[in-house]
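Note sheet for the following structure.
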Amino acid sequence: MPGQFRWSVDRVVGEAREAWELGIPAVILFGIPEQKDERGSSACDAQGVVQQAVRTLKAQLPDLMVLTDVCIDEYTSHGHCGVVGNGRILNDETLECLQAMAISHAEAGVDMVAPSDMMDGRVGAIRQALDARGYSELPILAYSAKYASTLYAPFRDAAFSSPSFGDRRSYQMDPANAREALQEVDLDVQEGADMVMVKPAMFYLDIIRLVREHVDVPLAAYQVSGEYSMIKAAAQLGWMSETPLMMESLLSIKRAGADVILTYFAKDAARILTGHDV
Ligand code: PBG
């Protein structure tokens, strides 16, 4: 992805400081471990890259809000978001991994955890585990309506997290199904989600609108790697002008009803919004 980098713990602070100084209130961390295994056990390592990055960022930039993605796909050798047995994803066994991962992020000092795995019951399981350890005030942003989209390809390329067999359609949502998004949102809110998310954003503006009208918790939308890359590619080919295209894309997500936007364009957009040059 042009303009996007995998940061080491020592260098992530500079990147985060730049974002903070542009007025971006929060960052979300995804980890790429040195070692991957069947159960994604490095996801829970107190010395793992995300845990170290959380500690470093909170020490250096205490007012910047730090979120972590809670999902084992970057840590599993097979690239799935769940524990695998007999070629299937084992939902309930995965919940234990997610609980341990969320606790290790909490212990590192994260401000909010964001489960993106799409296992059933994970928000409730994580809430229960956090409460039991004294983290009852740590909020959860649930990736509630996460579709099985082609638009994640550039991210998987960057994180080496493409599934080695099958696909993610047994746990991510069917792009043709709108009403299921509301069911997923309702379950997550009942289980304790403090904020819900729709992902991807631009091809799913109708879902953002539906969810906005359906629940009153804050709503986030994630403009994913493929959305970013399409805009970048069109600009690089000289077919459209990048800045207005980027701003129109973000405006459409906002207009659809998102309170919060996760986007790889954050720094570029912040420069425009605050009157800096791009
Ligand atoms: C999975 C995960 C995905 C992304 C980040 N974490 C989706 C997937 O691979 O199915 C994609 C993010 C992006 O495309 O920007 N936990």
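Order of listing sets the numbers, starting from 1, for every ligand and every atom in it.
- Between Asp111 and Lys58 there is a salt bridge, with a side-chain nitrogen of the basic residue lying less than 4.0 Å from a carboxylate oxygen of the acidic one.
- Residues meeting the side chain to side chain donor-acceptor pair (under 3.5 Å) test with Tyr152, sequence neighbours left out: none.
- Using a cut-off of 4.0 Å between Lys/Arg side-chain N and Asp/Glu carboxylate O, Asp259 and Arg212 are scored as salt-bridged.
- Applying the 6.0 Å contact sphere to CZ of Phe5 captures no more than 12 heavy atoms from other residues, nucleotides or ligands.
- With respect to Arg133 and Glu107, a salt bridge is recorded, a charged nitrogen being found less than 4.0 Å from a carboxylate O.
- Under 4.0 Å from any atom of ligand 1, one finds heavy atoms of residues Phe30, Cys71, Asp73, Glu74, Ser116, Lys146, Leu151, Tyr152, Phe155, Arg156, Arg168, Gln172, Lys199, Tyr222, Val224, Ser225, Tyr264.
- Scanning both residues, Gln51 and Ser104, for their nearest heavy atoms gives NE2-OG, 2.8 Å.
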